[in-house]
2 protein chains.
Amino acid sequence: MKITLKTISEESGLSITTVSRALAGYDDVNEETRQKIVSIAERLGYQPNLAARHLRSKHTQTVGMVIPLTSYFSDPFFMELLSGVGRQAAEYGYDLLLSAQQPGEDELNTYRRMVASSRIDGMVVARILKEDPRITFLKEARHPFIVFGRSNANDYPYIDVDGEAGMRAVVQHLTEMGHRRIALILSPRELAFTSARYAGYVQGLRAAGIEPEETYLAEGTLSADSGHAAALRLLDQTTPPTAIAACNDMMAIGAMQAVQSSGLEVGRDIAVTGFDDIPPSAHAHPPLTTVRQPTYLIGRQALDMLIQVIRQEPLDQSHVLLMPELVIRESSGTNRRR
Amino acid sequence: MKITLKTISEESGLSITTVSRALAGYDDVNEETRQKIVSIAERLGYQPNLAARHLRSKHTQTVGMVIPLTSYFSDPFFMELLSGVGRQAAEYGYDLLLSAQQPGEDELNTYRRMVASSRIDGMVVARILKEDPRITFLKEARHPFIVFGRSNANDYPYIDVDGEAGMRAVVQHLTEMGHRRIALILSPRELAFTSARYAGYVQGLRAAGIEPEETYLAEGTLSADSGHAAALRLLDQTTPPTAIAACNDMMAIGAMQAVQSSGLEVGRDIAVTGFDDIPPSAHAHPPLTTVRQPTYLIGRQALDMLIQVIRQEPLDQSHVLLMPELVIRESSGTNRRR
DNA sequence: ACAGTAATCCAAAACGTTTTGGAAGTCAAT
DNA sequence: ATTGACTTCCAAAACGTTTTGGATTACTGT
């Protein structure tokens with residue numbers, strides 16, 4: 001049988017109100033009665049019905065995250081973020097509601113459902129577009145949210161890593177290794193972080209006195225397969241690049257496979273670099289030179305910020321920008337070349 | 001402002017009852033009125049308040065999973081399972097409530113909270129113990145659940161892989177490669193799958209006429225570090241093993257590092273194998289010979305089964321046992337030895 | 001003895017939905 | 001005109017909480 005406040009009320013001979021207030025710790029109930037109520041509640045194994053509580057009190061101790069089925073699940077980057085968010089949510093006693101988007105459903109719909117159905121107190125949004133309708137929606141709905149990433153309009157709290165600096169460091173490293181023909185495998189242009197990483201690439205080249213060339217640019221979709229295809233296109237020209245920088249690790253891993261299948265050796269004949277430092281990258285063959293985003297920690301900090309937004313506390317810092325770290329491994333070559 | 005049934009009721013001049021029934025698709029409302037109601041609902045962007053709905057109707061379209069913080073998050077195996085469950089949940093229109101267990105909190109408490117607070121319709125339980133209090137609890141509470149794994153008492157629906165056959169295949173492979181001194185790094189004894197894998201190990205040895213020896217057994221905690229330590233212990237004896245089988249991939253990866261740091265080469269001087277085939281294993285150095293558990297698919301199928309339990313439909317199969325597949329890579333040696 | 005205060009309790013409303021058990025109206029058959 | 005069968009609608013109850021706005025009692029100082 002279900003144990004409710006009513007059960008305890010009957011058992012104790014006190015009103016439902018008093019039972020509720022006793023358990024909630026209000027000070028207008030006698031310490032002795034509280035003891036009695038608490039002990040009955042424990043004996044019966046009372047657990048409040050959260051649906052009822054939420055209906056009444058308007059907050060749910062739950063934060064939400066939407067997962068577009070196409071890519072995010074099984075994407076190690078996203079999983080790491082999820083871990084961080086989940087970990088920190090537990091710290092605050094919050095649960096995490098994952099709504100994988102229903103197949104074929106408009107993504108924005110999933111957001112609408114989540115927000116308007118009032119099952120969550122706030123949302124974490126990741127991998128945003130330059131013009132992101134989800135953010136527009138959340139802003140309009142005045143629903144608490146936190147973003148991993150920056151877009152064009154930045155009037156919302158976010159946490160991000162400096163992709164420009166990261167990619168600049170990659171290119172600087174490559175030029176120091178003697179490379180001059182450095183190609184870039186771009187992420188989709190509509191993604192918010194693409195322009196920052198591209199800008200860093202250009203800056204890195206110019207700092208070494210190199211003009212970027214159209215023929216050393218290729219576009220991928222973030223997946224390993226797309227990195228593979230892009231690398232093949234880049235290599236298939238009269239003066240192919242001697243280094244390939246990819247905008248994320250998955251594409252870099254695909255690119256390495258492409259390089260190897262062309263009979264070249266990564267790290268000796270050609271350098272390959274990534275961005276993200278997802279766990280597999282350290283164990284790739286050869287280990288991948290990349291830019292570390294502390295994704296797990298970002299998840300945790302994002303949740304910290306979200307809680308502040310939910311509680312309407314002023315944010316310590318509403319725009320957090322982390323400096324990424326260049327991680328040099330073998331894929332970019334162990335010895336100077338050329 | 002919040003759009004509720006009342007809003008639509010006032011807007012349309014119809015009762016709340018009729019609005020509710022119209023939107024729910026009952027056939028006791030005129031088609032014309034339904035059109036009107038639906039169009040108003042759409043215009044206003046009505047989204048039902050799920051807390052209220054759940055309070056009244058007793059089911060939540062949500063399944064739950066508890067994640068012990070200590071190990072599971074950031075455990076690739078568990079993440080894969082999560083992906084499968086999440087993916088399939090979306091297929092049925094279910095959401096996924098993740099409750100990471102609070103640090104220091106009794107795990108069973110988290111289950112109690114989840115179940116009794118009536119926020120979920122069913123649970124997925126993974127990595128169970130031989131005697132698992134969570135299962136006892138769920139059975140007693142008569143709350144729908146599905147288990148990945150088998151324990152001693154099997155009177156509940158589960159899906160599992162045949163760990164005995166898997167480990168037998170590993171040992172058979174190793175003996176065929178000429179190994180006679182084959183060590184085993186055990187998972188914790190209280191875990192349900194440990195005994196099956198151990199049994200397979202013994203069977204595999206006996207099939208090749210080898211008696212298992214106490215000195216070739218070590219125990220780990222599933223983590224890479226524990227595998228590392230266990231391997232060092234195994235190697236530090238007068239006649240060390242020539243092959244080390246680990247009960248999961250993480251420990252195998254740790255063991256490989258230990259072997260390498262002892263100046264030996266994995267795959268040539270000594271063979272190492274794992275169990276699970278988590279994604280990093282294919283890219284390990286050298287790539288790890290292991291037993292593939294289709295964890296993602298298991299997650300999906302587990303959810304299929306859970307939905308059936310929730311709907312009180314008879315299960316197609318209440319005990320599913322999958323055959324795992326031996327994946328031979330370089331860590332077990334490419335050429336016959338000895 | 002009396003007002004004033006503090007301590008302790010509670011009835012009832014509210015949250016937004018679904019469901020129950022009709023009511024009202026229409027129409028056709030008698 | 002009455003009956004029965006349909007169709008279409010709705011008032012009210014229920015789900016289990018929290019909160020509001022007192023009510024009751026006991027104690028204090030005068």
Side-chain angles (χ1 to χ4, degrees), chain A residues 1-38 40-41 44-62 95 112-121, chain B residues 1-38 40-41 44-62 95 112-121:
Chain A
M1 200 206 69
K2 270 243 145 287
I3 310 294
T4 72
L5 287 183
K6 189 151 165 241
T7 323
I8 302 181
S9 157
E10 282 160 1
E11 188 85 3
S12 65
L14 293 155
S15 76
I16 292 182
T17 306
T18 304
V19 174
S20 170
R21 310 208 102 216
L23 294 174
Y26 282 80
D27 63 355
D28 65 349
V29 29
N30 187 297
E31 190 50 33
E32 205 175 322
T33 16
R34 156 174 300 116
Q35 298 290 353
K36 188 165 113 192
I37 289 174
V38 167
I40 294 182
L44 300 180
Y46 169 71
Q47 296 284 346
N49 180 316
L50 294 181
R53 173 178 290 177
H54 300 160
L55 174 58
R56 177 60 226 232
S57 60
K58 262 65 188 111
H59 52 273
T60 62
Q61 295 279 104
T62 305
D95 287 332
R112 258 193 272 275
R113 262 213 333 265
M114 270 234 167
V115 168
S117 66
S118 59
R119 290 219 293 172
I120 56 172
D121 294 343
Chain B
M1 200 206 71
K2 270 242 147 288
I3 310 293
T4 72
L5 287 183
K6 189 152 165 241
T7 324
I8 302 180
S9 157
E10 281 161 0
E11 188 85 2
S12 65
L14 293 155
S15 78
I16 291 182
T17 307
T18 304
V19 173
S20 170
R21 310 208 101 217
L23 293 174
Y26 282 80
D27 62 355
D28 66 349
V29 30
N30 187 296
E31 190 50 34
E32 205 175 324
T33 10
R34 154 172 301 117
Q35 298 292 350
K36 189 164 111 191
I37 289 174
V38 167
I40 293 181
L44 300 181
Y46 169 72
Q47 296 283 347
N49 180 316
L50 294 182
R53 173 177 291 178
H54 298 160
L55 174 57
R56 176 61 225 232
S57 60
K58 262 67 187 108
H59 51 274
T60 61
Q61 296 280 103
T62 305
D95 287 333
R112 260 193 270 275
R113 263 215 331 267
M114 270 234 167
V115 168
S117 66
S118 58
R119 291 220 290 173
I120 55 172
D121 294 343

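Letters A, B, ... are given to chains in the order of the sequence lines, protein chains preceding strands, and every chain is numbered from 1. Worth saying up front: this structure is predicted, and the values here are computed from it rather than measured.
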DNA chain D nearest-nucleotide lookup for Thr33(B) and Arg53(A): closer to the 5′ end is Thr33(B)
Quick one: label Lys6(A) by what it contacts on the DNA or RNA (base, sugar-phosphate, nothing), any heavy atom closer than 4.0 Å.
-> nothing
Distance-only donor-acceptor test (3.5 Å): side chain Ser15(A), base dA11(C) = no
Heavy-atom donor-acceptor pair, Asn49(B) side-chain to dC15(C) base, under 3.5 Å | no
Which part of the nucleic acid, if any, lies within reach of Leu14(B) when heavy atoms closer than 4.0 Å are counted: base, sugar-phosphate only, or nothing?
-> sugar-phosphate
Check for a donor-acceptor pair, side chain of Ser12(B) on one end and backbone N or O of Ile8(B) on the other, with a separation under 3.5 Å.
-> yes
Find the distance Glu32(A):CD to dA7(C):P and express it as a whole number of Å.
-> 16 Å
Tell me: CD of Glu10(B) to C1' of dG16(C), nearest whole Å?
-> 13 Å
Please tell me if the side chains of Ile3(A) and Gln47(A) come closer than 4.5 Å, counting only heavy atoms from C-beta onward.
-> no
Provide, to the nearest angstrom, the distance between the CZ atom belonging to Arg34(A) and the P atom belonging to dC9(C).
-> 10 Å
Once you round it to whole Å, what is the distance between P of dA14(D) and CG of Leu5(A)?
-> 18 Å
Glu31(B) CD to dT7(D) C1', in whole Å, measures 14 Å
Spacing between Arg119(B) atom CZ and dC15(D) atom C1', to the nearest angstrom = 17 Å
Please determine if a side-chain N or O atom of Tyr46(A) lies less than 4.0 Å away from the OP1 or OP2 oxygen of dT17(D).
-> yes
Please check the phosphate of dT8(C) (OP1 and OP2 only) for any side-chain N or O of Tyr26(A) closer than 4.0 Å.
-> no
Given dT19(D), dG16(D), dC9(D), which nucleotide is nearest the side-chain atoms of Leu55(A)?
-> dG16(D)
Counting only N and O atoms by type, is there a donor-acceptor contact under 3.5 Å from the side chain of Ser117(A) to the main-chain atoms of Arg113(A)?
-> yes
With distance as the sole criterion, do the side chain of Arg56(B) and the base of dT18(C) form a donor-acceptor contact below 3.5 Å?
-> yes
OP1, OP2 of dT18(C) versus side-chain N and O of Ser20(B): anything below 4.0 Å?
-> yes
With the side chain of Val29(A) defined as its heavy atoms from C-beta on, choose the nearest nucleotide among dG16(C), dT19(C), dC9(C).
-> dC9(C)
Leu23(A) versus Leu5(A): any side-chain heavy-atom pair under 4.5 Å?
-> yes
Report yes or no: is there a donor-acceptor pair, N or O only, under 3.5 Å between the side chain of Asp28(A) and the base of dC9(C)?
-> yes
Rounded interatomic separation in angstrom, taking CG from Leu50(A) and C1' from dC15(D) | 14 Å
In terms of side-chain heavy atoms of Thr17(A), which of dC15(D), dA12(C), dT19(C) is nearest?
-> dA12(C)
Flag the pair Glu32(B) / Lys36(B) as yes when at least one side-chain heavy-atom distance between them is below 4.5 Å, and no otherwise.
-> no
Whole angstrom value for the distance that separates P of dT18(C) from NE2 of His54(B) = 10 Å
Nearest-nucleotide wise, let me know which of Arg21(B) and Thr4(A) is further upstream toward the 5' end of DNA chain D.
-> Arg21(B)
For the residue pair Ser118(A) and Asn49(B), confirm or rule out a side-chain donor-acceptor distance under 3.5 Å.
-> yes
Could you check which of dT17(C), dT20(C), dC9(C) has an atom nearest any side-chain atom of Asn30(A)?
-> dC9(C)
